Amino acid sequence: MCRPGGGSSDVQWCFSQVKGAIDDDVAEADIISTVEFNHTGELLATGDKGGRVVIFQQEPESKNQPQCRGEYNVYSTFQSHEPEFDYLKSLEIEEKINKIRWLPQKNAAQFLLSTNDKTIKLWKISERDKRPEGYNLKEEDGRYRDPNTVTTLRVPIFRPMDLMVEASPRRVFANAHTYHINSIAVNSDYETYLSADDLRINLWHLEITDRSFNIVDIKPANMEELTEVITAAEFHPNQCNTFVYSSSKGTIRMCDMRASALCDKHAKMFEEPEDPNNRSFFSEIISSISDVKFSHSGRYMMTRDYLSVKIWDLNMETRPVETYQVHEYLRSKLCSLYENDCIFDKFECCWNGNDSVVMTGSYNNFFRMFDRGYRQDVTLEASRENSKPRSVLKPRKVSTGGKRKKDEISVDSLDFNKKILHTAWHPLDNIIAVATTNNLYIFQEKLN
Amino acid sequence: MLGRGVKRKWSCLEEAEVVSEARQLVLGLCLEKLQRYQAGVELSLRRSVLLINTLRQIQEEMRSDGVGSCDVHPDSCLLRDDFREDVTVTCPGCSEGESPPELPSQEANGSDQQKPPAAVSDAVNAMGYLGDLALDDIFEDIDTSMYETSDLPSAWASGSLPQSHSTAGSLQSCLMDLNELDHIMEILVVETHLVGPGLQNGFSL
């Protein structure tokens, strides 16, 4: 049987690890809100609703078990954001981490950007495995020596110590967003980055915190005329002048920063005409784009709306080149999903390393992969029941017709509280990180 | 999902009724969600915009389909007795002694099409979208661009909303007509204006 993944048609996915609390009682602060691999895939960062960042590091592959790629273990944990209070509006600013973006590594330390609704922070994560010993004026425990007892001088030397990983905030980019930040994106020049809220996008220099340039502003003069908000934004992977932003109306605008300082006029606008057969009260809500990601090649971009994933060729604005239905069986349930607010859920999507497969989450802890080359798709589940080490994940199926086959699950039995909103794919290998509400699952390709 | 432009033949009346009922249901849900708030937590602008757009779309459809004021059952008028005391304007279809007209009133809809739907603009007002405009007048020399309100005015948070029956679980079974929608919006607007823009943002005038 052929299964999609990694470009070849017969990748099988195995459970590798699960992180997080086992019990079903989910603490609000532990809800995972973002997942991101760094550029080499060695580090995996998660952010949660409690404002914490947890970084996992992959162990080097052991010679004893060549069929297993290294496990991810906790490398560093720190409190990135704290809850704040906006006194003017009498509102609390949540500490929830909306996005994490890694900077490419330039020296021994690692850097990442993390953001909540209002403030972006640049964190430096550095290792310390040596410490100086042999001070002249201090004892080893830090107490100062009586100067009269010092009779000789010595040069302190570095001695090995247990590895300590320290995270320190190097920059705080604050007070630039009136509305809630939904995206941050690092530019390919590795000097600037953008941050996007509902109505505006700002361009920052990583070294400068007291200023940012506003490059997109869609706030109408009269707020009563507001009908559209920005939902996501991303820089092109190798054209440092190009970025895109998506909207709640299902459009994507591509802007060129060379054209003008304020990029209100888009260079390209990507929009698919609405299918008149599928028109309903909820057409606009389900067309709202929740995520946009460029392919690694920079030739395509992928968007996620409520029911589908679309791949766009950057040279064609009129319609996507590929459309994949994530959970079309929900189309007849839109009213219920509107009632219980699930229709507003924002799912993310991601590419694999060579852009041949895309992945996104769904309900009931299901996630979907679409192989673009082989035109195959698979539904897998992240659950504790399938958590035996190296057990192969069995494809899942939702029954849509009247008759439910064995092993299929009916639409009405789906648990809409178990949603997979955040997924990430290792940039080079077939290793994926899938976040359920409060657990992080790591799956690997079965190697033999 | 639901076809539009259905010809009003006798055989299609049932389908029109289903459409109308579905509209009422979604309309009610829209209002319920717009009224819902969590004190101290800022509402999502994306969600608010999507809700208001859905509301506008339904109103447009109802208007263009010529659906009139009263699909109201007499029972729902009785349910509204408690908040009718707060309301100075009464629904023409529900005044004493008058039975609801059986056919939609075409003239009323005709005049409404000239101006933007009043109920929607009132809903938008109530959402606090216009909060920053009032603020600009009063504090012209202060740069308030950082402190624009993008959320419900604190009047809502203080619980000054009338506890409308419509937020109870019976919403789905309670059919609402356009006039009822207008009345609720008027209440919301009145409440907002009573508190005042300055007090909404913590300044005393």
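If you're wondering where the values come from, they're calculated on a predicted model, not measured in any experiment. Sequence lines set the chain letters: A, B, ... in the order given, protein chains first and strands last, and positions in each chain run from 1. Just the heavy atoms: all of them, side chains too, but no hydrogens, waters or symmetry mates, feed the values below.
Of the atoms belonging to S283(A), not a single heavy atom falls under 4.5 Å from chain B. If you measure heavy-atom distances from I230(A) to chain B, you find no contacts under 4.5 Å at all.
Between the side chains of T231(A) and S246(A), at least one donor N or O lies within less than 3.5 Å of an accepting N or O. Between the side chains of K118(A) and N116(A), no donor-acceptor pair of N or O atoms lies under 3.5 Å.
Every residue two or more places apart in sequence or in another chain that forms a salt bridge (charged side-chain N to carboxylate O under 4.0 Å, His left out) with D341(A) is listed here: K33(B), R36(B), R47(B). For E271(A), the salt bridge (charged side-chain N to carboxylate O under 4.0 Å, His left out) test picks out no residue, with sequence neighbours left out.
When the candidates L199(A), N182(A), D117(A), D198(A) are compared by the number of heavy-atom contacts under 4.5 Å with chain B, D198(A) comes out ahead.
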